[in-house]
S.K.: 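Let me begin by handing over the structure; questions about it come next.
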Amino acid sequence: MGTNEPRKNAAVIGTGMAGLVVAYMLRNDLQGRFNVEVFEKQDKLSLDSASYTLTDQSGGDAKPERLDLPMRSFADGYYESLKRMYDYFSIPYGSLRFIYSLSILPDNATKQTSPYYMHSSNNHQLPPLRPESLSWTGWLIEVCYLAICYYWFKVCCFFVAPKTLESCGTEESLREYVERIMLPSYYVKHYFVPVFASVATCSHDALMDSPALDLVNYGRRTFRKNHYTVLDGVQHVEKKLSEGLTYKLGTKVTAVENIGTKVQVSWTDTRDGQSSSRLFDHVVLAVTPDVVGAIFQPLQSAMKSIPTTTVQSVVHRDFSRILDSSKSLWAQVSLGPGQSAPHPLHMCSNDTATETVHEHPSSALITTYPIAPIDPEKVLHTASFTRVLRSTTSRQVVNQIFSQKRSGDEKSQLWRNGDGNVWLVGGWCWDGMVLLEGCLSSATRVANALDVEVPWMKEASL
């Protein structure tokens with residue numbers, strides 16, 4: 001940039017992972033071309049805002065623990081950009097040892113859950129854990145059946161491509177795909193759907209209506225890969241990304257409009273109700289589709305095609321449903337010298353959804369997507385967040401927004417990312433499951449378009 005060329009003013013709306021990443025990259029542009037201002041509706045940055053600090057309520061000297069809500073786990077093969085960024089910032093992460101139990105929620109709220117399957121992840125214990133409700137003969141038959149079904153799906157992930165609009169002129173849902181590859185319905189109902197619904201944090205129907213390509217790509221890229229979690233919480237990620245940033249908290253953005261060659265951002269102060277506006281050269285919307293549609297008129301209609309739902313995570317100490325099943329897990333775990341105790345994850349399902357109960361070593365439970373009632377007197381903290389879902393229709397809309405191809409009739413074209421110097425970033429702003437890697441991918445797209453170097457990708461480009 002020439003010494004007399006003025007710096008560009010950029011606004012980033014939203015302080016989740018995607019917003020903070022793109023703000024960091026623009027602010028640290030090697031050519032110093034951008035003044036960056038970040039807007040956040042809450043009274044604190046949102047990446048870590050839903051998390052909870054658990055203190056020792058017994059009055060002991062135990063160190064307070066930060067519980068990430070939701071738990072930010074990631075895997076090799078799928079989260080390559082995220083992992084590179086963590087390495088760049090020296091964010092500590094590790095492979096925690098989990099024990100997954102699958103169970104059906106009983107109709108009677110007073111009954112405890114009884115696992116029908118248990119799996120050791122990052123802890124491949126032999127012999128495998130056996131639910132107390134199954135005999136050894138029944139369990140061996142079940143294990144053999146599951147192995148056949150599991151590896152059949154993995155083979156299909158590599159060799160049976162889902163139908164897509166680009167390849168076949170039609171978009172295949174996950175429901176249609178598992179029927180086409182003849183994945184057994186018992187396996188789909190009792191194993192496949194509960195596990196993936198837990199990963200996607202959505203109902204069973206929403207999962208099965210999602211594009212088959214999403215799950216197939218995820219299954220292929222994470223096959224036999226290690227899974228990790230950030231140690232000590234994403235508060236450290238938030239601190240690294242926000243260091244030195246200029247941001248406005250408690251500001252609800254009400255409109256983003258193109259005014260000539262500039263972009264006007266209008267907002268209301270949530271504390272005193274005062275309204276303000278300012279012109280920027282670039283505006284990055286790091287918010288969910290429902291918010292985009294509400295504040296940015298060119299995408300008002302298109303955003304209605306992208307479904308969202310509200311998901312809760314609850315920190316509590318109501319062990320009434322899982323106490324016995326938890327004891328059965330611990331009784332079978334063999335620990336080697338110096339090995340830490342594994343984390344039980346209870347996936348409890350009814351016909352429509354699956355709740356995940358993380359049994360944290362701090363003797364607290366974290367229930368995500370709760371279905372069964374939780375004793376309100378034992379609730380320590382509740383957080384709600386908007387979950388963006390995927391459908392065969394929304395995949396087409398998202399891909400069109402981020403496509404670089406245009407037909408001759410410009411007037412009939414849907415708004416595309418970057419038009420009028422307005423940009424979209426977020427976990428939903430890429431062609432894949434709505435996970436953290438989408439935040440990094442979409443933020444990198446903006447950086448590349450503005451010729452800004454992505455520091456943690458330098459080695460990859462050499």
Side-chain angles (χ1 to χ4, degrees), residues 68-73 75 98-109 111-121 129 131 133 142 146 149-150 153 173-175 177-178 183-210 212 214-215 218-219 222 227 229 307-316 318-326 329 343-360 365-374 382-391 433-435:
D68 281 346
L69 302 179
M71 182 172 60
R72 268 75 168 206
S73 60
F98 288 103
I99 298 178
Y100 299 91
S101 73
L102 295 173
S103 60
I104 300 295
L105 284 170
D107 295 332
N108 189 332
K111 292 184 179 180
Q112 294 190 348
T113 58
S114 178
Y116 57 83
Y117 179 71
M118 293 184 288
H119 170 67
S120 300
S121 174
L129 302 178
S133 59
E142 188 84 358
L146 291 180
C149 293
Y150 172 78
F153 174 69
S173 69
L174 183 61
R175 191 189 313 276
Y177 181 77
V178 297
L183 201 61
S185 57
Y186 174 83
Y187 174 77
V188 171
K189 179 179 179 181
H190 290 87
Y191 295 94
F192 182 88
V193 169
V195 171
F196 277 113
S198 178
V199 172
T201 326
C202 65
S203 70
H204 294 172
D205 280 341
L207 175 74
M208 297 303 282
D209 290 338
S210 65
D214 288 4
L215 273 293
Y218 183 85
T222 59
H227 288 70
T229 55
T308 61
T309 188
T310 300
V311 175
Q312 280 191 335
S313 283
V314 183
V315 182
H316 63 98
D318 185 355
F319 285 83
S320 59
R321 278 190 178 273
I322 68 166
L323 186 59
D324 286 345
S325 61
S326 181
L329 290 178
H343 293 226
L345 275 175
H346 306 272
M347 298 179 185
C348 310
S349 305
N350 60 16
D351 290 336
T352 62
T354 297
E355 67 175 21
T356 303
V357 185
H358 176 201
E359 194 173 338
H360 197 272
L365 301 178
I366 306 171
T367 299
T368 301
Y369 210 104
I371 304 171
I374 300 172
T382 299
S384 298
F385 53 95
T386 300
R387 180 64 164 154
V388 183
L389 306 176
R390 291 269 285 179
S391 69
M433 292 182 69
V434 184
L435 299 172

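Atom set for the values below is all heavy atoms of this structure, side chains included, hydrogens, waters and symmetry mates excluded. Please read these numbers as outputs of a predicted model, since none were measured by experiment. Start at 1 with the first residue, then count along the sequence.
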S.K.: Specify the closest pair of heavy atoms between P194 and M347, including all atoms of both residues, with the distance to one decimal.
M.R.: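 Minimum heavy-atom contact is O-SD, 4.2 Å.
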S.K.: Sequence neighbours left out, what passes salt bridge (charged side-chain N to carboxylate O under 4.0 Å, His left out) with D214? Give chain and number order.
M.R.: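 D214 satisfies salt bridge (charged side-chain N to carboxylate O under 4.0 Å, His left out) with R390 once adjacent residues are dropped.
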S.K.: Could you tell me which residues satisfy ring-ring contact (aromatic ring centres under 6.0 Å, His included) with Y150, sequence neighbours excluded, listed by chain and number?
M.R.: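 Listed in chain order: nothing, the list is empty.
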S.K.: Among side-chain atoms of S320 and D318, is any donor-acceptor pair under 3.5 angstrom?
M.R.: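 A pair is found: one side chain offers a donor N or O, the other an acceptor, under 3.5 Å apart.
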S.K.: Under the side chain to side chain donor-acceptor pair (under 3.5 Å) rule, collect the residues that match up with R175, sequence neighbours excluded.
M.R.: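 Listed in chain order: D209.
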S.K.: Do T229 and R72 pass the side chain to side chain contact (heavy atoms under 4.5 Å, CB included) test, and can you show the C-alpha distance, the side-chain angles, and the key distance before you say yes or no?
M.R.: CA-CA 6 Å; T229 55; R72 268 75 168 206; over 6 Å; no
S.K.: Y191 vs Y116, test: ring pair (Phe, Tyr, Trp, His ring centres under 6.0 Å). Steps then yes/no.
M.R.: CA-CA 10 Å; Y191 295 94; Y116 57 83; 5.6 Å; yes
S.K.: Using every non-hydrogen atom in the two residues, find where L69 and A383 come nearest and quote the distance to one decimal.
M.R.: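 The answer is CD1-CB, 4.1 Å.
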S.K.: Evaluate the side chain to side chain contact (heavy atoms under 4.5 Å, CB included) criterion for residues Y100 and V195: first the C-alpha distance (whole Å), next the side-chain angles of each, then the deciding distance (0.1 Å), finally the verdict.
M.R.: CA-CA 9 Å; Y100 299 91; V195 171; over 6 Å; no
S.K.: Decide yes or no on side chain to side chain contact (heavy atoms under 4.5 Å, CB included) for L365 and V315, but give the supporting numbers first.
M.R.: CA-CA 6 Å; L365 301 178; V315 182; over 6 Å; no
S.K.: Working to the nearest 0.5 angstrom, can you tell me the gap between Y187 OH and H190 NE2?
M.R.: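 Spacing of OH (Y187) from NE2 (H190) equals 13.0 Å.
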S.K.: I'd like a table of donor-acceptor pairs (distance under 3.5 Å, sequence neighbours excluded) in which one partner is a side-chain atom from residues 350-357, with atom names and distances.
M.R.:
residue	atom	partner	partner atom	Å
N350	OD1	T352	N	2.9
N350	OD1	T352	OG1	3.2
N350	OD1	A353	N	2.9
T354	OG1	H204	NE2	2.8
T354	OG1	S349	OG	2.7
E355	OE1	I371	N	2.7
E355	OE1	A372	N	3.2
T356	OG1	S198	OG	2.6

S.K.: Quick one, L215 with L207, criterion side chain to side chain contact (heavy atoms under 4.5 Å, CB included). Give me CA distance, side-chain angles, the key distance, then yes/no.
M.R.: CA-CA 9 Å; L215 273 293; L207 175 74; 4.1 Å; yes
S.K.: Quick one: do the H346 and S101 side chains pair a donor with an acceptor below 3.5 Å?
M.R.: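 Checked: H346/S101 side chains pair up, N/O donor to acceptor below 3.5 Å.
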S.K.: Checking V311 now: which residues fulfil side chain to side chain contact (heavy atoms under 4.5 Å, CB included) with it, not counting sequence neighbours?
M.R.: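 Counting only residues at least two positions away or on another chain, V311 forms a side chain to side chain contact (heavy atoms under 4.5 Å, CB included) with T201, T309, T368, Y369, F385, R387.
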S.K.: Hey, what's the ring geometry for F192 with F196, parallel, tilted or perpendicular (30° and 60° as the breaks)?
M.R.: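 Ring orientation of F192 relative to F196: tilted.
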S.K.: For the atom pair CG (L345) and CD1 (I99), what is the distance rounded to the nearest 0.5 Å?
M.R.: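 One finds 9.5 Å between CG of L345 and CD1 of I99.
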S.K.: Measuring from L174:CG to S391:OG, what's the distance to the nearest 0.5 Å?
M.R.: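 Interatomic distance, L174 CG to S391 OG, rounded to 0.5 Å: 13.0 Å.
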S.K.: Of all heavy-atom pairs between A212 and Y177, which one has the smallest distance, and what is that distance?
M.R.: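 Reported closest heavy-atom pair: CB-CB, 3.5 Å.
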S.K.: Would you say T367 and H316 are linked by a side-chain donor-acceptor pair, where the criterion is simply a distance under 3.5 Å?
M.R.: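 Judged by distance alone, the side chains do pair up.
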S.K.: Just to verify, what does T308 make a side chain to side chain contact (heavy atoms under 4.5 Å, CB included) with, not counting sequence neighbours?
M.R.: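 For T308 the side chain to side chain contact (heavy atoms under 4.5 Å, CB included) partners, ignoring immediate neighbours, are P289, D290, T386, V388.
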S.K.: Taking the side chain as everything from C-beta on, heavy atoms only, tell me whether V434 gets closer than 4.5 Å to L389.
M.R.: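 Side chain of V434 against side chain of L389, heavy atoms only: no contact under 4.5 Å found.
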